[in-house]
Amino acid sequence: MTENDTIITARHLDLYYGEHHALKDIEVGFARHRVTALIGPSGCGKSTLLRCLNRMNDLVENVRIEGEVRFDGTDIYAPEVDVVEIRKRIGMVFQRPNPFPKSIYENVAYGPRVHGVRNRSALDAVVEKSLRDAAIWDEVKDRLDAPAFSLSGGQQQRLCIARTLAVEPEVVLMDEPCSALDPIATAKIEGLIEALKTRYTVIIVTHNMQQAARVSDSTGFMYLGELVEFGETPQVFEAPREELTERYITGRFG
Ligand SMILES: Nc1ncnc2c1ncn2[C@@H]1O[C@H](COP(=O)(O)OP(=O)(O)OP(=O)(O)O)[C@@H](O)[C@H]1O
């Protein structure tokens with residue numbers, strides 16, 4: 001992979017929660033306009049790695065990060081970096097849908113407003129586009145003023161994706177976005193992820209190996225804070241190079 005194809009690169013990345021060494025010398029490049037899945041047993045560091053990529057771990061007390069994360073060549077941990085700008089360009093969708101206690105419209109308009117869009121027709125346009133891109137426009141277009149909490153869980157998650165897309169990120173990080181959803185809502189989000197990669201780079205943490213195999217182009221397998229294997233998804237699932245990976249994906253673990 002050339003530097004150009006890689007949008008985010010981690011080099012010699014170590015993370016400590018107090019004494020606990022949660023990420024160990026991670027070296028990885030995430031490809032632009034592709035979907036990358038991070039898999040591995042509970043507690044192996046998937047969410048921690050994901051949160052390092054847009055500095056979400058800054059919000060955690062007692063955390064120490066060493067090494068480098070570069071986004072389009074810029075070291076995102078450099079002192080002069082504007083964290084708000086980084087989180088705008090690298091958005092995040094969480095495990096449980098977390099809409100604001102506001103209307104559907106206001107949830108999506110919030111980010112663009114914070115970033116300076118004031119004009120009502122410009123906001124209307126961005127709200128419609130984001131809801132369309134998140135494949136929920138048809139379901140909500142006649143009730144944009146209804147509370148976000150009146151939507152189903154799956155709809156709320158797509159609304160949260162629309163809210164993330166509204167500030168035009170380049171990368172969308174998803175931390176187990178389907179774990180609180182039923183199979184139908186999950187299928188909708190998986191279809192959406194496939195559609196998003198033409199314009200965005202998606203990095204998704206999932207417990208669900210079938211989901212990783214279905215949605216991703218590349219897969220990273222983590223174990224005890226290390227990135228054990230990283231490669232094209234069919235290779236990782238069908239011909240893993242590492243025995244640990246093979247044991248995990250065939251269910252012969254522990
Ligand atoms: N805020 C925190 N403070 C202290 N330790 C933490 C914190 N967050 C995570 N850890 C620890 O770091 C390790 C990695 O956690 P992380 O949540 O990244 O794993 P994970 O692979 O995403 O797990 P899961 O699949 O269960 O969500 C675990 O041992 C966890 O207990």
Side-chain angles (χ1 to χ4, degrees), residues 8-30 35-69 76-77 83 86-87 90-98 153 157 160-161 164 171-181 185-186 189-190 193 201-216 218-231 233 236-237 240 242-254:
I8 300 185
T9 318
R11 298 204 59 208
H12 296 303
L13 181 68
D14 284 270
L15 181 142
Y16 301 81
Y17 291 115
E19 296 293 302
H20 179 61
H21 195 177
L23 291 180
K24 297 175 186 161
D25 199 24
I26 303 287
E27 294 273 329
V28 64
F30 294 97
V35 179
T36 301
L38 295 173
I39 62 169
S42 188
C44 69
K46 306 178 292 294
S47 302
T48 299
L49 175 57
L50 198 73
R51 290 196 301 261
C52 280
L53 305 180
N54 72 345
R55 292 192 51 174
M56 279 308 221
N57 286 319
D58 288 18
L59 309 172
V60 179
E61 253 178 65
N62 247 336
V63 94
R64 181 158 59 88
I65 297 170
E66 291 171 1
E68 198 176 81
V69 177
I76 68 166
Y77 286 94
V83 183
I86 288 291
R87 297 203 189 117
I90 309 175
M92 193 153 194
V93 175
F94 298 88
Q95 201 162 344
R96 299 207 162 265
N98 59 346
Q157 193 61 308
C160 292
I161 293 172
T164 301
V171 180
V172 180
L173 308 177
M174 296 185 166
D175 195 352
E176 301 197 35
C178 302
S179 65
L181 306 182
T186 296
I189 304 273
E190 288 185 7
I193 290 171
T201 300
V202 179
I203 306 171
I204 176 173
V205 162
T206 176
H207 261 121
N208 180 329
M209 282 188 281
Q210 286 76 23
Q211 178 168 73
R214 280 193 300 266
V215 303
S216 70
S218 308
T219 296
F221 168 65
M222 297 184 69
Y223 185 63
L224 295 178
E226 291 181 34
L227 184 62
V228 172
E229 178 155 359
F230 189 87
T233 297
V236 173
F237 280 89
E242 301 294 329
E243 196 195 327
L244 265 179
T245 317
E246 182 178 0
R247 279 173 45 205
Y248 183 70
I249 61 178
T250 55
R252 290 182 291 122
F253 221 74

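Predicted, not measured: the structure shown is a model, and the values here were computed from it. As the structure lists them, so they are numbered: ligands from 1, and atoms in each ligand from 1. Quick note: numbers below take in every heavy atom, side chains included, and nothing from hydrogens, waters or symmetry partners.
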Looking at ligand 1, does any of its N/O atoms fall within less than 3.5 Å of an N/O of V60? no
If we count only non-hydrogen protein atoms and require a distance under 4.0 Å, does atom 31 (O) of ligand 1 qualify as touching the protein? no
I need the nearest protein heavy-atom contact for atom 17 (O) of ligand 1: residue, atom name and distance, please. S47 CB, 3.9 Å
Would you say the side chains of Q211 and T206 form a donor-acceptor pair under 3.5 Å? yes
Are any of the side-chain heavy atoms of C44 and L224 separated by less than 4.5 Å? no
Quick one about E27 and H12 (side-chain donor to acceptor, distance below 3.5 Å, no hydrogens or angles considered), yes or no? yes
Looking only at protein heavy atoms, what sits closest to atom 18 (O) of ligand 1 is T48 OG1, 2.5 Å
Run the ring-centre check on Y223 versus Y248 and record whether the distance is less than 6.0 Å. no
Among protein heavy atoms, which sits nearest to atom 23 (O) of ligand 1, and what does the distance come to when rounded to 0.1 Å? G43 N, 2.8 Å
If you scan protein heavy atoms around atom 25 (O) of ligand 1, the nearest is K46 NZ, 2.8 Å
Would you mind running through ligand 1 and noting each atom that sits below 4.0 Å from a heavy atom of R51? 8 (N)
Who's the nearest protein heavy-atom neighbour of atom 27 (O) of ligand 1, and how far? E176 OE2, 3.7 Å
Take the angle between the ring planes of F30 and F230 and call it parallel below 30°, perpendicular above 60°, tilted in between. perpendicular
Check this for me, if you would: do R252 and E246 make a salt bridge, where the nitrogen-to-carboxylate-oxygen distance has to be below 4.0 angstrom? yes
G45 to ligand 1: N or O pair under 3.5 Å? yes
At what distance is the nearest protein heavy atom to atom 29 (O) of ligand 1, and which residue and atom is it? H20 NE2, 3.2 Å
The closest protein heavy-atom partner of atom 10 (N) of ligand 1 is Y17 CE1, 3.3 Å
